[in-house]
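The sequence lines fix the lettering, A, B, ..., with proteins before strands; numbering per chain opens at 1.
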Amino acid sequence: MADRDLVLERLTKRFAGFVAVDDLSLTVPQGSFFALLGPSGCGKTTTLRMVAGLEPPTSGEIRLGETDISRLKPYQRPVNTVFQSYALFPHLSIFENVAFGLRRRGKKNVKADVLEMLELVELGQYADRKPAQLSGGQQQRVALARALINKPEVLLLDEPLGALDLKLRRGMQIELKRIQTEVGITFVHVTHDQEEAMTMADTIAVMNAGVIEQLGSPADLYEHPATTFAANFLGQSNLVAGTVGTATGNTLELDVHGARVTAADVSSAVRSGDAWVGVRPEKVSLVSPGTSPAGTNALAGGAVTDVSFVGVSIQYLVRMPWGQELTVFTQNDGVHPAFDIAAPVDLCWRPEHTFVLDANQDVTAGVELEEEG
Amino acid sequence: MSAAGAPVAEAAVVLPPESEGRNRGWTGYLLLAPGGLWLIAFFLVPTITLLISSLYDPSGSLIDGYTLTGRIANYTEGISEYADTFGRSLAYALAATAACVVLGYPLAYAIAFKAGRWKNLMLVAVIAPFFTSFLVRTLAWKLLLGDHGVIVDVLQAVQVLGPDGRLLATPFAVITGLTYNFLPFMVLPLYASLEKMDLRLIEAGSDLYASPLTAFRKITLPLSMPGLVAGTLLTFIPASGDYINAELLGNPRTRMIGNEIQDLFSAGALPEAASLSVTLMALIVVMVLFYVRRAGTEELL
């Protein structure tokens, strides 16, 4: 544990009538790019505001290394924020906006620092403009420069790219990641955009209803979701009801509507009884009935009900004998056979791509939320 | 073929904007007309009449008529005779404006940011006095500040005022009256400019190491400047020409220039009154121009 990690311990925020953040504990390693990912209203922004000092926690502690900063005023914390709406000072020039923090801390010759920071965000020639004269992407970079110039120990980013259009957003994601690597400051990034979180962050905490559902690297979260919410909110999942037969080590044998399914390399706590058996749509192959390769999990008796040609891939909806529709993404590489609507198919995938989730969860958790975002 | 077609197409493209532009021009003037006529009849004409009257020979009278002799001495005499009164008027108006800022800014700030669901009620409370006549309200202050009123009794009891100290008929009473009467003109523009301010800017300031006081000085105050300038103008200008407050709450030594002008007009001394009015007007215009320049809010004018 590095000595300036950001540690949240049993952090709770109660507003009149509801709990926004519920007993949340979290360690953000120093120098990492950390994303808090969740749908709107999940408590991620409240968590960020508590770290910034803009919202007092109801209970719990926020520490930077060994220093407890929970009771410090926002202007006393070595933490700066890039606000969702940027909140640039409209009456000040870009230069003065960026210089604001330095001047408040009594620094005299700010000119060189400010110009250097404006160069970093490629806005050198705009120093004399007012914020209203800049485009959204430029304003975003001013907000970033205004926070970064103070060399905070932690930089908080509250949906910083939310107001930008898709193309600009992609560009800024790469830019942000580059700047973070360059300055080496801990970034805590709040977003509802799972792709944004996966592209930039080293570690993602998936938040829902005030608690962290799962925490891990983007690949880990995606390949091994621990809850139905994580499985549905990060990408898409096929979740099918099953029953655990035998459990040996980290390999489970399950019964899924009469078919035998093996889940290899699972870290699931489920060892017996009912479970949700999950697999990502792109991990599934469609094959003609009865031609599943040996050693794969196979669900037989499907019928294609919908084909969407996306270009790089083809998305199929397949109705299974028990009535459920499963999603399959097939790469449009000319190797995988294409199927037409109503074609009978079997679904197969490798055992290590199977994940097993607790059956006592809402199978649709996180589905509709993602569509909203 | 394309060469032959081009001019036709061009003409078709060029014509509509021209006719549209002409229409728009007429609509503009039409909309301006009522206000413009009103201003000509009730502002421009009276102002010119006032200017002309100020240059009459003062030996005439309303009954015998005046002769326009272009007598500049009306001004020099007026200024030298009433210099004290001018000074007093401006001083009272300045004091009242300052008092309005001190009372009005926190009030406007509270209504804009802290009032919550009481916001509308508080705004109504600010405007409510307008439902009663200016005169009646000023007369009410006469009672409040009267020699045996509650305020004087209390202040005498706690020894702030001596046993024969009084409030009524003092400069304090006149300034209090002016402050009271023009306070809404300070509060409303201030409220309007504070209310539209983004509170997240304060959060951003505090995130960038500004203490609450610094955040106010560096963010809130500059952003409310247009409201503050508008409020001070709306308070200072009418207050410096006011005569009701000095008449009802003051004494012969607290007379403002408005009182003198009013008396001169009543006494039929038209040229003197007119020249004093024009002088006051000129003074105010010069001061306002200087002030607005300094405050950097030229767009208000």
Side-chain angles (χ1 to χ4, degrees), chain A residues 16 45 48-56 72-93 96-107 110 114 130-132 139 142-152 154-160 163, chain B residues 101 104-105 108-109 112-119 186 189-233 291-301:
Chain A
T45 295
L48 196 79
R49 289 173 59 83
M50 285 194 284
V51 177
L54 300 170
E55 209 79 70
L72 293 182
K73 299 280 181 210
Y75 53 89
Q76 296 165 326
R77 297 187 186 201
V79 167
N80 289 110
T81 310
V82 177
F83 291 87
Q84 183 170 17
S85 53
Y86 315 143
L88 299 179
F89 305 123
H91 58 296
L92 299 178
S93 67
E96 284 303 322
N97 264 281
V98 175
F100 195 90
L102 293 181
R103 291 205 196 282
R104 296 292 80 71
R105 292 192 298 175
K107 197 159 190 298
V110 298
V114 172
K130 290 283 175 70
Q139 291 186 23
V142 176
L144 184 65
R146 188 179 67 168
L148 269 181
I149 195 169
N150 304 296
K151 301 197 170 56
V154 179
L155 184 76
L156 307 172
L157 301 112
D158 184 7
E159 304 259 8
Chain B
V101 172
Y105 203 107
Y109 189 91
F113 298 136
K114 308 284 177 193
R117 60 204 180 94
W118 301 105
K119 187 185 265 190
M186 177 67 76
L190 265 178
Y191 164 77
S193 72
L194 283 171
E195 202 267 342
K196 65 178 181 212
M197 204 182 88
D198 188 348
L199 277 182
R200 285 171 297 196
L201 295 177
I202 306 293
E203 288 192 340
S206 132
D207 187 65
L208 293 165
Y209 313 105
S211 65
L213 192 69
T214 314
F216 175 80
R217 227 161 30 85
K218 293 289 176 189
I219 303 164
T220 314
L221 191 60
L223 285 175
S224 64
M225 248 354 234
L228 191 62
V229 171
T232 45
L233 292 181
Y291 172 60
V292 171
R293 260 284 163 80
R294 284 298 304 275
T297 42
E298 281 97 337
E299 65 267 29
L300 274 176
L301 285 187

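- By the 4.5 Å heavy-atom criterion applied to side chains, Glu203(B) and Arg49(A) are counted as neighbours.
- With a 4.5 Å cut-off on non-hydrogen atoms, Ser211(B) touches chain A through its backbone and its side chain both.
- Neither the backbone nor the side chain of Leu156(A) comes within contact range of chain B; no heavy atoms are under 4.5 Å apart.
- In plain terms, the two heavy atoms of Arg77(A) and Tyr209(B) that are nearest each other are O-CE2, 3.5 Å.
- No more than 12 heavy atoms of other residues, nucleotides or ligands lie within 6.0 Å of NZ in Lys73(A), so this atom counts as exposed by the packing criterion.
- Checking Leu223(B), Ile219(B), Asp198(B) one by one against Pro90(A), the side-chain contact (heavy atoms from CB on, under 4.5 Å) holds for a single residue, Leu223(B).
- Of the listed residues (Arg146(A), Gln84(A), His91(A)), the one with the most heavy-atom contacts under 4.5 Å to chain B is His91(A).
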* Apply side chain to side chain contact (heavy atoms under 4.5 Å, CB included) to the pair Arg104(A) and Thr214(B), showing each step before the final yes or no. => CA-CA 8 Å; Arg104(A) 296 292 80 71; Thr214(B) 314; 3.4 Å; yes
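- Between the side chain of Asp207(B) and the main chain of Tyr75(A), no donor-acceptor pair closer than 3.5 Å is present.
- Leu88(A) contributes atom CG, which lies 11.5 Å from atom CZ of Arg200(B) (distance to the nearest 0.5 angstrom).
- For a residue to count as touching a neighbouring chain, one of its non-hydrogen atoms must lie under 4.5 Å from one of that chain's; by this rule Phe89(A) touches chain B with backbone and side chain alike.
- The two residues Ala210(B) and Phe100(A) make their nearest non-hydrogen contact at CB-CE2, 4.0 Å.
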